[in-house]
Amino acid sequence: MTDRNVPLSALASLLQNGPSNWGRWAAPHDEAGALNHLDSMQVLRAASAVKQGRVFALQMPMTDASLELMHPSRRPAEHHMVQDRQSYVDGTAQPADGGLEWADDTITMHLQGTTHTDALGHAWYDDTIWNGQPAQSTNGKMRYASIRPLADRGIVGHGVLLDLARHREKDTLDPGETFDHEDLIHCANNQGHSITHGDVLVIRTGWAAYCREHPETLNGLDEPGLVYSRELAHWFKDMNIPVLVTDTIANEATHHGSGVTFALHGALMRNLGVVFTELADLEALAADCARDRQFTFLYTAAPLKITGATGSPTNPLAVK
Ligand code: UVW
């Protein structure tokens, strides 16, 4: 999954002696990782953030080429009508007794080809996935840490929007532009609130909206985003961050200064069990938060219960 020919050992050596949550929740059986932070107290805290009864649906529309974005190695979803009004005209379908007719369709897609939640076993290095399980468990289907345990649990937590683009007075961050946990804290303070233990971090860079207008940008993947440091990884662990949501393809600055790509997939997903939801559409939510200055909300997302899958399309909801 790297753009450059960097041996995996470079990633292992970058992350060596960094923080880990392996064994924190019933190793080797735990497959929910940092979602374990989202206990009933966190759900009640999330519910208390609902002040206005307004809902923002954060998935990008699918099967609309002008609105879809995805990693350049993935293909757009293919939607196919297998039954429609014409089927009854042609006689390939018959109405039900009494006259009811209906339409049916199928979809073929990359499960990461729209706004999606990654399974904890989606990315690894050193032949080992989340909680120290062998990467061979991904062969054929994910026998460990697939999307299913996350979907069985559901995701409900206290969300905070961190609008890094507005914080830096830009429509979008630049290609490769980075920020860290200190920037997140400053952004929150600037917005008039803090980041609290167990918060679901929803970070807007403006990148997805920019890429829709400039699709050629996706060719040389060089996304802006969080960048790995040991301090950043410790902060995620110490703050009990359960879920990271962004409006970028991979939830992190593509390139780390060491030459490694996608370092946070290793440091946060594989090592800490932080759940990634990527490619969220945050424009309407962010505009609303900028207007009413309420940057906190109930965040909920329900990945599909696809047994053995590496991820699932997801339509997260922010309820203010
Ligand atoms: C990659 O980073 C390649 O995958 P995802 O964005 O789904 O985590």
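All ligand and atom numbering here is 1-based and tracks the order in the structure. Values in this document were obtained by computation on a predicted structure and should not be read as measured data. Excluded from the calculations below are hydrogen atoms, water molecules and symmetry mates; all remaining heavy atoms, backbone and side chain alike, are included.
Remark: Arg54 CZ is packed, more than 12 non-hydrogen atoms of other residues, nucleotides or ligands lying under 6.0 Å away.
In terms of polar-atom proximity, defined here as any N/O pair under 3.5 Å, Ile249 does make such a contact with ligand 1. For His71, no nitrogen or oxygen atom sits less than 3.5 Å from a nitrogen or oxygen atom of ligand 1, counting backbone and side chain alike.
Near Gln112, meaning under 4.0 Å from one of its heavy atoms, ligand 1 places the atoms 7 (O). Residue contact check: Arg74 has heavy atoms under 4.0 Å from atoms 1 (C), 3 (C), 4 (O), 5 (P), 6 (O), 7 (O) of ligand 1. Shown in contact with Glu278 at under 4.0 Å from a heavy atom are these atoms of ligand 1, numbered in order with element: 5 (P), 6 (O), 7 (O), 8 (O).
Of the charged side-chain nitrogens involved, at least one lies within less than 4.0 Å of a carboxylate oxygen, so that Glu283 and Arg204 count as a salt-bridged pair.
Taking each of Glu252, His116, His265 in turn, the one with a heavy atom nearest to atom 7 (O) of ligand 1 proves to be His116.
Qualifying salt bridge (charged side-chain N to carboxylate O under 4.0 Å, His left out) partners for Arg293, counting only residues two or more places apart in sequence or in other chains: none.
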Query raised in the report: Yes or no on salt bridge (charged side-chain N to carboxylate O under 4.0 Å, His left out) for Asp163 and Lys170, after CA distance, side-chain angles and deciding distance?
Result: CA-CA 10 Å; Asp163 192 340; Lys170 295 174 167 187; over 6 Å; no

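Under the 4.5 Å side-chain heavy-atom criterion for ILVMFWY residues, no single connected hydrophobic cluster contains both Leu298 and Ile241.
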